[in-house]
Every structure is written in structure tokens, then in C-alpha cells.
Novice: 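I am attaching a structure below and will ask some questions about it afterwards.
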Number of protein chains: 2
Amino acid sequence: MKLSKKSDYALRAMIYLSMQYKKGAIQIKEISAKEKIPQKFLENILLVLRKVGILNSKIGLNGGYELARSPDLITLGEVIRALDGAIAPVDCVSKISYKPCSEEVTCVIRGVMLDIRNAITDVLDRMTFADMCSRVKDSMEKKETGVLTYTI
Amino acid sequence: MKLSKKSDYALRAMIYLSMQYKKGAIQIKEISAKEKIPQKFLENILLVLRKVGILNSKIGLNGGYELARSPDLITLGEVIRALDGAIAPVDCVSKISYKPCSEEVTCVIRGVMLDIRNAITDVLDRMTFADMCSRVKDSMEKKETGVLTYTI
DNA sequence: TATAAATCCTACAAGAATAGTAGATAATTA
DNA sequence: TAATTATCTACTATTCTTGTAGGATTTATA
């Protein structure tokens with residue numbers, strides 16, 4: 001039940017890009033430095049996100065990445081699925097990599113796993129990067145009043 | 001976010017043993033055959049469950065395993081933690097293998113992961129093997145009326 | 001048009017985790 | 001005593017994770 005490093009990095013990069021939405025292309029190098037993510041690894045991650053249509057890219061000098069849609073139209077679930085595949089704990093309750101188990105109809109474990117899948121996707125498929133930005137801004141405000149420090 | 005084969009097998013074996021609670025020791029060989037779990041692999045799994053106090057064992061002729069407590073006092077969460085470790089998607093929101101991340105207090109990803117952890121443990125730490133037995137029996141009844149077949 | 005800067009793409013590699021196997025030992029019962 | 005059953009440690013094969021390497025391609029700008 002673990003979030004992969006890949007997805008973790010992807011979420012951080014996505015939040016970073018969401019915070020800069022509509023401010024032009026941001027380069028891998030910048031994200032990598034600011035978020036302390038190995039640059040070459042991040043390259044692969046952003047490439048995937050572009051291929052599934054979450055990011056747009058611009059090649060060449062002053063190129064970089066930007067969100068393909070508004071942050072409120074991209075959910076954490078979409079990003080995690082793009083990188084790690086299914087969110088469901090077992091394939092027989094997965095939407096995107098569904099495989100029937102031997103006795104699916106009556107398997108009592110399946111029932112529980114379905115509950116868990118729904119609980120997880122309830123969070124991940126509702127939460128957008130716009131929401132994440134709000135949270136970051138909340139943290140930043142608290143920082144100004146001396147309460148907290150901000151981190152993605 | 002995957003349930004390991006180990007935990008899957010463990011749950012099946014535990015349900016099997018719960019269905020036979022108070023009927024004496026059940027042998028690995030029987031569980032392995034009925035639930036189609038590699039015997040040697042199951043051996044290791046049941047050994048772990050005994051060491052954490054979920055099962056009792058009896059060595060020798062007519063030996064075997066049985067629940068150490070009533071099925072309504074054992075949760076799925078306890079079993080999964082025994083075999084796979086933490087249920088939390090990241091260590092900084094885990095109870096049993098907690099490790100702080102760099103900027104824990106304000107990390108906005110941590111907030112989401114905490115929600116997910118709570119959603120998962122809400123299901124797994126409430127659901128007991130007595131509940132699972134009820135579900136199995138429900139399935140069996142439906143089978144008798146021709147509606148369903150029963151499987152763990 | 002040359003050059004530098006950026007993404008694109010494929011392949012590779014080390015290490016860890018997963019899934020399962022092997023075989024000898026110890027305890028118990030009949 | 002013989003058969004049976006769990007105990008224990010270690011090993012292995014495969015897959016997944018977490019990266020790294022290096023060249024190809026595209027673009028802006030001087």
C-alpha cells in the first residue's frame with residue numbers, strides 16, 4: 001500500500017507547475033532543483049505526464065513544461081494512475097487494469113478490497129491540483145504570521 | 001497501492017480458520033489444499049501469525065493451527081500489518097513505521113496521504129474475521145437458494 | 001546559419017522487494 | 001518407535017523500483 005517515489009515526485013512537480021499556471025513554460029532543471037528531484041528521473045516522469053495529456057511541452061531554448069489544463073481539472077488520481085497504474089489494491093476491483101479473480105462474484109475479500117479502493121479513489125479523484133494550491137497558499141499565509149513554513 | 005500475495009493468502013487462511021473456530025487444530029496441508037496456497041509459502045505465513053499472537057499452534061500428530069482469540073477480536077488490519085508492515089502510503093503518516101519527512105508540518109501531500117491512510121484503516125481496522133465469516137455464510141445461503149456460490 | 005538550450009527517446013543497471021522453495025530439526029502422539 | 005506435524009534458516013528466481021547514460025531532435029536567438 002505504498003506511494004512510489006515516482007508518483008511522489010510527480011505530485012510535487014505537478015503542484016509546482018500548478019502554482020505557476022499561466023506563467024509560461026517551466027524547465028525541468030528548475031523543478032528538479034527546487035523540489036530536489038533527480039533531473040533525469042524527473043525527465044522520464046514529465047514525459048509520461050505529457051503523453052497522457054496532462055502536460056504540454058515546448059522544445060528548444062526557453063522551452064519547458066506547463067499544465068495542459070486548468071489545475072482544477074486535474075486530479076491527483078489521474079497523475080498517480082499515469083505513473084503507477086491501478087490504484088486498486090487487487091486487480092479484480094480495478095477500473096483501469098481489471099482482471100477477474102477465480103470466484104469473483106462471491107469472494108468476500110473482494111468486497112473489502114472494493115471498499116478500500118472506493119475509499120482511496122474518493123480522496124484521490126476528488127482532490128485537484130487547484131485544491132493543493134489552496135493548501136500551499138494556506139501554509140504560506142501561516143508562515144507570514146509566523147506559524148508555519150511552506151513546503152510542497 | 002497493492003495487497004501482497006502474502007497478505008492475500010494470510011487473509012484467506014485466517015477466514016478458513018475463523019470458519020472452523022473452536023473445532024480444534026487445522027493443519028497447514030488442509031488449508032493449503034482447500035485454498036490453493038503453496039504449502040511451504042503458507043507455512044512461513046502462519047509462522048508469522050503465530051509469532052505475533054494471532055494464532056496458536058500444536059506440533060506433532062493431529063497438530064495444526066487455530067485462532068488464538070475469538071474471530072471478532074481479530075481485524076484484517078492486524079493481519080496485514082503483521083505480514084506487510086505499515087498500511088500507510090507514506091511513512092510520515094504511518095503509526096507503526098513512522099518516519100518524519102523533511103518538512104512534515106507543512107507538506108501538503110502529507111495531508112492527503114493522511115486522509116488516505118485513515119480511509120484505509122477505517123475499513124481494515126474495523127473489519128473483523130467474525131464479519132468475514134458472516135459474509136461467507138451470507139454467500140453460502142444465497143448458494144442454497146441458487147443465487148451464488150461460496151468462495152473465500 | 002551556427003550555436004546553445006531545451007525536450008525526446010531508448011536502453012541499461014543496481015538494488016530491493018516479492019514470491020516461493022529446500023531441507024534439516026524438534027516436538028508430539030499413537 | 002514410527003509417523004506426523006510444526007519450526008527454523010537459508011536460499012533462489014523473478015519482478016519492481018529507482019534511478020542513470022547518451023545520443024537525437026527541435027527551437028530561439030545572435
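On a predicted model such as this, the values are computed, not experimentally measured, just so you know.
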Novice: Under 4.0 Å between a side-chain N/O of Lys5(B) and OP1 or OP2 of dG20(C), yes or no?
Specialist: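 No, Lys5(B) has no side-chain N/O under 4.0 Å of OP1/OP2 on dG20(C).
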
Novice: How is Lys40(A) classified with respect to the nucleic acid when contacts are heavy atoms under 4.0 Å: base, sugar-phosphate, or nothing?
Specialist: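 Result for Lys40(A) = base.
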
Novice: How would you list, by chain and number, every residue that makes a side chain to side chain donor-acceptor pair (under 3.5 Å) with Asn44(B), sequence neighbours excluded?
Specialist: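 Scan of Asn44(B) (side chain to side chain donor-acceptor pair (under 3.5 Å), adjacent residues dropped) gives none.
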
Novice: Within this structure, what is the CD-to-P distance between Glu43(B) and dT21(C), rounded to whole angstrom?
Specialist: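 Atom CD in Glu43(B) sits about 11 Å away from atom P in dT21(C).
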
Novice: Nearest nucleotide by nearest heavy atom, which residue falls closer to the 5' end of DNA chain D, Lys6(A) or Lys58(A)?
Specialist: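 By nearest-heavy-atom nucleotide position, the 5'-most residue is Lys6(A).
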
Novice: With distance as the sole criterion, is a donor-acceptor pair present between the side chains of Asp72(A) and Thr128(A) under 3.5 Å?
Specialist: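 There is no such pair between these side chains.
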
Novice: Heavy-atom distance under 4.5 Å between the side chains of Ile109(A) and Met132(B), does that happen here?
Specialist: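 Ile109(A) vs Met132(B): side chains touch.
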
Novice: Judged by each residue's nearest nucleotide on DNA chain D, which is more toward the 5′ side, Tyr9(A) or Leu61(B)?
Specialist: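 Counting from the 5' end, the first nearest nucleotide belongs to Leu61(B).
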
Novice: Whole angstroms only, please: what is the CG-P distance between Asn62(B) and dA27(C)?
Specialist: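 Taking atom P of dA27(C) as the reference, CG of Asn62(B) is at 19 Å.
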
Novice: Ile28(B) near the nucleic acid: base, sugar-phosphate alone, or nothing, with a heavy-atom cut-off under 4.0 Å?
Specialist: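 Touches sugar-phosphate only.
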
Novice: Taking only Lys NZ, Arg NE, NH1 and NH2, and the carboxylate oxygens of Asp or Glu, determine whether Asp125(B) and Arg81(B) approach each other closer than 4.0 Å.
Specialist: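 Judged by the 4.0 Å cut-off on N to carboxylate O distance, Asp125(B) and Arg81(B) do form a salt bridge.
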
Novice: Whole Å only: how far is the CD atom of Gln39(B) from the C1' atom of dA6(D)?
Specialist: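 Spelled out: CD on Gln39(B) to C1' on dA6(D) is 11 Å.
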
Novice: Examine dC9(C): is either OP1 or OP2 under 4.0 Å from a nitrogen or oxygen in the side chain of Arg50(A)? Give yes or no.
Specialist: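 Yes, Arg50(A) has a side-chain N/O under 4.0 Å of OP1/OP2 on dC9(C).
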
Novice: So does Ser57(A) get a side-chain nitrogen or oxygen closer than 4.0 Å to the phosphate oxygens (OP1/OP2) of dC8(C)?
Specialist: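 Yes.
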
Novice: Heavy atoms under 4.0 Å, any strand shown: does Lys51(B) hit a base, just sugar-phosphate, or nothing?
Specialist: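 Sugar-phosphate, backbone atoms only, no base.
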
Novice: Of all the choices, dG20(C), dG19(D), dA6(C), which nucleotide is nearest to the side chain of Ile59(A) once you look at every atom?
Specialist: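 Nearest listed nucleotide: dA6(C).
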
Novice: Going by an N to O cut-off under 4.0 Å, is there a salt bridge joining Lys2(A) and Asp91(B)?
Specialist: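 Yes.
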
Novice: Any donor-acceptor pair, under 3.5 Å, between the side chain of Asn44(A) and the base of dT20(D), if you only look at N and O atoms?
Specialist: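 It does, because a donor-acceptor pair links the side chain of Asn44(A) to the base of dT20(D) below 3.5 Å.
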
Novice: Grab the CZ-P distance between Phe41(A) and dA14(C) for me, whole Å please.
Specialist: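 About 17 Å, once rounded to whole Å.
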
Novice: Rounded to whole angstroms, how far apart are CG on Leu83(A) and C1' on dG19(D)?
Specialist: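 The distance from CG of Leu83(A) to C1' of dG19(D) comes to 14 Å, rounded to the nearest Å.
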
Novice: Compare side-chain N and O positions of Tyr65(B) against OP1 and OP2 of dT5(D) and report whether any pair is under 4.0 Å apart.
Specialist: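 No, outside the criterion.
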
Novice: Without decimals, in angstroms, what is the distance between Glu66(B) CD and dA6(D) P?
Specialist: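 It works out to 12 Å between those atoms.
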
Novice: How long is the line joining CG of Asn56(B) and P of dT28(C), in whole Å?
Specialist: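 Asn56(B) atom CG is separated from dT28(C) atom P by 14 Å.
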
Novice: Just the rounded figure in Å: distance from C1' of dC8(C) to CG of Leu42(A).
Specialist: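 Distance, rounded to whole Å: 14 Å.
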
